[in-house]
Structure formats: structure tokens, C-alpha cells
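All values derive from a computational prediction rather than experimental measurement. The first residue in the sequence is number 1, and the count goes up from there.
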Amino acid sequence: MDDIIMVIKNGEIIKEYADDKPLSSCLILGKSMDDKPLHLVISRDEEFIYLITAYFPDIRQWENDFKTRKEH
């Protein structure tokens with residue numbers, strides 16, 4: 001949970017999903033407590049932040065910056 005809070009506070013939004021329903025969402029890149037890249041997909045309203053998923057990005061699917069998905 002500490003990793004998730006740290007990414008929400010300090011991470012960078014790298015993709016926005018404005019058309020997601022029922023709320024728009026975004027992909028955030030940040031660092032875990034042990035300095036590993038971590039992706040979160042969250043949405044929010046006026047009252048809450050909703051965690052949709054959290055995962056450590058796979059270098060086989062992401063460029064070295066972990067911001068750009070590799071073309072297949």
C-alpha cells in the first residue's frame with residue numbers, strides 16, 4: 001500500500017483515458033519504495049481515488065523509460 005500511495009503522490013500521468021466509464025482514468029508511472037518502476041491505473045471523483053490496477057511494467061512490453069509501450 002505504501003508503494004501505491006507514493007506513486008499517487010509523486011508519479012507522472014503518462015496516459016489519460018478520458019472515455020473510460022463510469023469515470024475517466026489515467027495511467028501513472030512512479031517508483032516503488034525499493035525504486036522499481038510501478039504503473040497504476042486510477043480514476044477519481046470529488047471524494048475518492050479508485051485504484052483499478054497496479055503492476056510492475058514488463059521491459060519486454062515497455063521501452064526503457066516505462067512510458068512508451070513497445071510496438072509489436
Point to revise | With Met6, the side-chain contact (heavy atoms from CB on, under 4.5 Å) member among Asn10, Asp2, Ile4 | key: Asn10

Check your understanding: In chain order, what residues pass the side chain to side chain donor-acceptor pair (under 3.5 Å) check against Glu12, with sequence neighbours excluded?
Key -> Lys67

Point to revise | Test item: Lys36 and Lys31 side chains (from C-beta on) under 4.5 Å apart, heavy atoms | key: no

Check your understanding: Nearest 0.5 Å, what's the CD-CD distance between Glu71 and Glu63?
Key -> 8.5 Å

Review point. Do the non-hydrogen side-chain atoms of Ile14 and Phe66 ever get within less than 4.5 Å of each other?
Key: no

Check your understanding: How long is the span from the CD1 atom in Ile8 to the CG atom in Asp3, to the nearest 0.5 Å?
Key -> 11.0 Å

Point to revise | Qualifying ring-ring contact (aromatic ring centres under 6.0 Å, His included) pairs with a residue from residues 3-44, counting only residues at least two apart or across chains | key: His39-Tyr55, His39-Trp62

Review point. Do Ile49 and Ile5 belong to the same hydrophobic cluster, where Ile, Leu, Val, Met, Phe, Trp and Tyr are linked whenever their side-chain heavy atoms lie under 4.5 Å apart, directly or via other members?
Key: yes

Practice item. Search all heavy atoms of Ser32 against all heavy atoms of Phe56 and return the closest pair with its distance. Key: CB-CE2, 4.1 Å

Practice item. Rounded to the nearest 0.5 Å, what's the gap from OG1 on Thr68 to NZ on Lys15? Could you check? Key: 10.5 Å

Review point. Within a strict 4.5 Å, meaning less than it, do heavy atoms of the Leu40 and Thr53 side chains meet?
Key: no

Please table the atom pairs, donor to acceptor, closer than 3.5 Å between any side-chain atom in residues 19-30 and protein atoms at least two apart or in another chain.
from: Asp20; atom 1: OD2; to: Ser25; atom 2: OG; distance (Å): 2.4

Check your understanding: Any chance NZ of Lys70 has more than 12 other-residue heavy atoms, nucleotides or ligands included, within less than 6.0 Å?
Key -> yes

Practice item. Please name the residue in the list Val7, Ile52, Leu51, Ile13 that meets the side-chain contact (heavy atoms from CB on, under 4.5 Å) test with Ile42. Key: Leu51

